[in-house]
Chemist: 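Here you go, one structure.
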2 protein chains.
Amino acid sequence: MRCFIDLAYDGTAYHGWQRQPNSISVQQVLEERLSDLLGEPTIVVGCGRTDTGVHASSFFAHFDWAGAFGTRFADWEQMVWKLNGMLPPDIGVHRIFEVGERHHARFDATERAYTYRVHTRKHPFLEGRSARVYQDLDVESMNAASRYLVFNGDFATFCKAGGGQKTTLCDVRLAEWRSEGPHRMRFDIVADRFLRNMVRAVVGTLLEVGRGRMSPGAVEEIVAACDRGRAGASAPACGLYLSRVEYPFIST
Amino acid sequence: MRCFIDLAYDGTAYHGWQRQPNSISVQQVLEERLSDLLGEPTIVVGCGRTDTGVHASSFFAHFDWAGAFGTRFADWEQMVWKLNGMLPPDIGVHRIFEVGERHHARFDATERAYTYRVHTRKHPFLEGRSARVYQDLDVESMNAASRYLVFNGDFATFCKAGGGQKTTLCDVRLAEWRSEGPHRMRFDIVADRFLRNMVRAVVGTLLEVGRGRMSPGAVEEIVAACDRGRAGASAPACGLYLSRVEYPFIST
């Protein structure tokens, strides 16, 4: 049977989601512990990739399992409980459930949301969980600029060269900054799909606006140019969270 | 002149606030960096103690400084900026300001508030910042029990033996549990003063109620008994935050 896992991880200690030789990834740790739990080698397929140091507050993956559920677990909750006990503290499983045989964690996702957290004063509890910016930011200007990002079209400006995508078209449905308390703010962006490094390039550009080094109108031109050289530098990984993934067959 | 510092710290790496031989404390680190910054040996006096591993989202301390402010700093903000640059990431200074010569961080505090955070599902981002409880909790019962804690009187039941306090009288003005999202909650308690280990003993007892092992009414009897042997075990340090300290001469 095919199962979906809904999980969260603090990405600080990992070289991203995707398994790779010679460095530790979330996928590798999850596959190893799940294989131990199920008693057979198990591959998990993620809903996408996250880069080194990027977090996920909600990440989906699927795996196939031929074993007899009832002989091994009383219920799904017990399976989650056992897996969580085997995983390190920085990876937590919310739930595991059966889906249709053809449901796919990556190809069936219809919408994804990322959150980027920023703080502008030293904050002991945000260390590694939010990006520190050494200057006050003009949130109103950043939101004025963000409105030029909400459209269905070409986002090549914010695509890392060599990203390997076939197309740079995305349907961005929301892009908005909000306060999260004094000297703290978050940026939420929702789209059908994201290009490699896209959110960090978008945030890096919007922070230039927030610092007063670029006008909101300049962002409109930069987007239209479809030229990665014109976007701002990528914002740091530690502020970025994959925060929501939508599937037509899963209610949240 | 006498100055107040308003700071925050993640207590995970420290053996509490108070300086002591052979183990690192927040007070020691702050005194060392402040002495470097001011160019003279500087003693800081805290608003109270926090135990090993306990956090503070707002902590006050005072120090005296004979130096000429204007020759060393452009303004208070620059002083805060420089000190924050010298302190480790887990200690952050919010502000420094001059007070009257006789104002005292410990003796002049009129009210203190602590927050205790609990979560009942594995959560990668709450690791070390909230206490994990391995059972769902009945928040309504915990709040029913909390009402027996709001009075002005003897809290000897929740005082660690050998705490060294002259009196076990406290004026508890608020004690309340609130949801902070799915499977997350916080307990806020406000009083004129707190006894050693008091909040962790109170929370340990209320968690027994939340688990269904003790009735809310039993808490009323336990409080009245003034016997530490009858309170629950101390809740873990990692969930506890000193969250507010009030002075009549400081507006927050």
Side-chain angles (χ1 to χ4, degrees), chain A residues 5-14 26 29-30 33 50 54-59 77 79-96 115 117 119-132 134-136 181-184 238-243 252, chain B residues 5-14 26 29-30 33 50 54-59 77 79-96 115 117 119-132 134-136 181-184 238-243 252:
Chain A
I5 313 189
D6 176 5
L7 69 153
Y9 53 85
D10 178 332
T12 310
Y14 299 95
V26 179
V29 172
L30 185 61
R33 294 293 80 76
T50 57
V54 171
H55 313 297
S57 55
S58 182
F59 188 98
E77 206 170 329
M79 186 175 172
V80 168
W81 178 271
K82 286 189 174 180
L83 185 55
N84 272 331
M86 298 164 81
L87 287 166
D90 51 12
I91 304 178
V93 174
H94 295 136
R95 51 185 175 144
I96 306 176
T115 300
R117 292 195 161 81
H119 62 291
T120 57
R121 288 288 182 283
K122 191 178 183 185
H123 194 308
F125 302 106
L126 296 179
E127 184 68 21
R129 303 283 172 79
S130 168
R132 168 84 188 272
Y134 290 82
Q135 198 176 328
D136 285 326
H183 313 298
R184 296 173 60 174
C238 68
L240 185 59
Y241 296 71
L242 175 61
S243 50
T252 46
Chain B
I5 312 187
D6 176 5
L7 70 153
Y9 52 84
D10 178 331
T12 309
Y14 299 95
V26 179
V29 172
L30 184 61
R33 295 292 81 74
T50 57
V54 171
H55 313 298
S57 56
S58 182
F59 189 98
E77 206 170 329
M79 187 176 172
V80 169
W81 179 270
K82 286 188 174 181
L83 184 56
N84 272 332
M86 297 164 82
L87 287 166
D90 52 12
I91 304 178
V93 173
H94 295 137
R95 52 185 175 144
I96 306 175
T115 299
R117 292 195 160 83
H119 60 293
T120 56
R121 288 287 183 283
K122 191 177 183 187
H123 194 306
F125 301 106
L126 295 180
E127 184 67 21
R129 303 281 172 81
S130 168
R132 169 84 188 272
Y134 290 82
Q135 197 176 328
D136 286 327
H183 312 298
R184 295 172 60 172
C238 68
L240 185 59
Y241 296 71
L242 176 60
S243 51
T252 47

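Order of the sequence lines fixes the chain letters, A, B, ..., with proteins taken first and strands second; residue numbering starts at 1 for each chain.
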Chemist: Give, for atom NE2 of A:His123 and atom CG of B:Asn84, the distance between the pair rounded to the nearest 0.5 Å.
Modeler: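 So the NE2 of A:His123 and the CG of B:Asn84 are separated by 12.0 Å.
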Chemist: Can you give me the closest heavy-atom contact between A:Ala8 and B:Pro124, atom names plus distance?
Modeler: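 Scanning both residues, the minimum pair turns out to be O-CG, 3.3 Å.
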Chemist: Take a 6.0 Å sphere around CD of A:Gln135 and say whether it holds more than 12 heavy atoms from other residues, nucleotides or ligands.
Modeler: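 Enclosed: over 12 neighbouring heavy atoms sit under 6.0 Å from CD of A:Gln135.
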Chemist: Minimum heavy-atom separation for A:Lys122 to B:Gly92, with atom names?
Modeler: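 Closest heavy-atom pair between A:Lys122 and B:Gly92: CD-CA, 4.0 Å.
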Chemist: What option among A:Val80, A:Leu7, A:Val93, A:Asp90 has the most heavy-atom pairs under 4.5 Å with chain B?
Modeler: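 Heavy-atom pair counts peak at A:Asp90.
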Chemist: Could you work out, with side chain to side chain donor-acceptor pair (under 3.5 Å) as the rule, every residue matching B:His94, not counting sequence neighbours?
Modeler: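 Listed in chain order: B:Asp6.
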Chemist: Mind listing the closest non-hydrogen atom pair of B:Arg129 and A:Phe125 along with its distance?
Modeler: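 Reported closest heavy-atom pair: NH1-O, 2.9 Å.
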